[in-house]
Amino acid sequence: MVFDKELDARGLGCPLPILKTKKSLADMASGQVLKIICTDSGSMKDMQAFANQTGNVLLSSTEEKGEYAFLMQKK
Amino acid sequence: MKKMAIIATKGTLDMAYPPFILASTAAALGYEVQVFFTFYGLQLLRKDLSDVKISPLANPAMPMPLPMPVMVQMLPGMETIATMMMKDKLKKKGVASLEELRALCLEADVKFVACQMTVDLFDFERSDFIDNIEYGGAATFMEFAGDTDICLFV
């Protein structure tokens with residue numbers, strides 16, 4: 001799937017993936033898509049919670065071999 | 001805008017994390033956040049955070065690589081060793097340092113308020129603390145806390 005920017009948050013623990021996601025989205029335009037990759041197993045729930053509370057749209061979340069990938073569309 | 005207030009009263013390494021993690025995350029979620037640092041919590045506002053330590057003593061829940069009798073935990077230097085081990089573990093697991101989390105809070109406009117009474121009580125100098133913080137008392141905290149969605153005592 002197409003994305004405009006990628007954030008590598010591998011190896012980072014809570015709450016860094018969320019904080020870095022917030023920062024990355026800050027300099028993107030509305031409608032653009034951020035891809036986030038992380039290894040924090042709590043991120044599956046946290047990214048959804050982040051999207052629910054901020055209005056950004058979590059387009060997809062996938063897990064493969066201990067890595068979690070998310071596509072977040074800026075509101 | 002939603003608001004969150006936290007009172008941080010502890011100055012040990014383990015108890016330093018919750019206020020900074022919650023404050024930075026709430027700010028990222030769009031909350032207006034204020035943290036009031038009082039008593040030992042003031043240590044978390046010092047420019048130098050190297051005195052923020054953890055002790056296995058009287059802390060039976062702390063996971064240890066080997067069972068350690070209390071008599072051994074009392075030995076000089078054990079606190080320093082435990083702190084080094086904990087910091088090493090945090091780093092290996094990708095958990096941010098306190099300095100990093102604190103900087104992220106400030107960057108996200110989290111407001112830090114130091115308890116003036118405690119500053120005077122312990123004879124601290126304002127120059128001991130980081131810049132960009134405010135000083136106030138219980139009434140200052142209440143003014144903000146009275147109108148918050150989340151209010152925590154740590």
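Atom set for the values below is all heavy atoms of this structure, side chains included, hydrogens, waters and symmetry mates excluded. Nothing here was measured: the structure is a model prediction, and the numbers come from that model. In the text below, chain A, chain B and the rest are named by the order of the sequence lines, each starting its count at 1.
Only the side chain of B:Y31 has a heavy atom closer than 4.5 Å to any heavy atom of chain A. B:L104 touches chain A through its side chain: at least one heavy atom from C-beta onward sits under 4.5 Å away, while N, CA, C and O do not.
Atom OG1 of A:T39 and atom NZ of B:K93 lie 11.0 Å apart (nearest 0.5 Å). From B:K2, atom NZ reaches atom CD of A:Q53 across 6.5 Å, with rounding to the nearest 0.5 Å. In this structure, the separation between NZ on A:K22 and OG1 on B:T25 is 12.0 Å, given to the nearest 0.5 Å. Once rounded to the nearest 0.5 Å, the distance linking CG of A:L16 with OG of B:S24 reads 8.0 Å.
Within a 6.0 Å radius of NZ in A:K20, other residues, nucleotides and ligands contribute 12 heavy atoms or fewer. Within a 6.0 Å radius of CD in A:E6, more than 12 heavy atoms belonging to other residues, nucleotides or ligands are found. Within a 6.0 Å sphere centred on CE of B:M64, heavy atoms belonging to other residues, nucleotides or ligands number more than 12. More than 12 heavy atoms of other residues, nucleotides or ligands sit less than 6.0 Å from atom NZ of B:K47.
Ranking B:L29, B:L90, B:V95 against chain A, the residue ahead of the rest is B:L29, based on heavy-atom pairs under 4.5 Å.
Taking hydrophobic clusters as Ile, Leu, Val, Met, Phe, Trp and Tyr residues chained together by side-chain heavy-atom distances below 4.5 Å, B:M84 does not share a cluster with B:M62. A continuous path of Ile, Leu, Val, Met, Phe, Trp and Tyr side chains, each step under 4.5 Å between heavy atoms, connects B:M117 with B:F124, placing both in one hydrophobic cluster.
The closest side-chain heavy-atom distance from A:P15 to B:L101 is below 4.5 Å.
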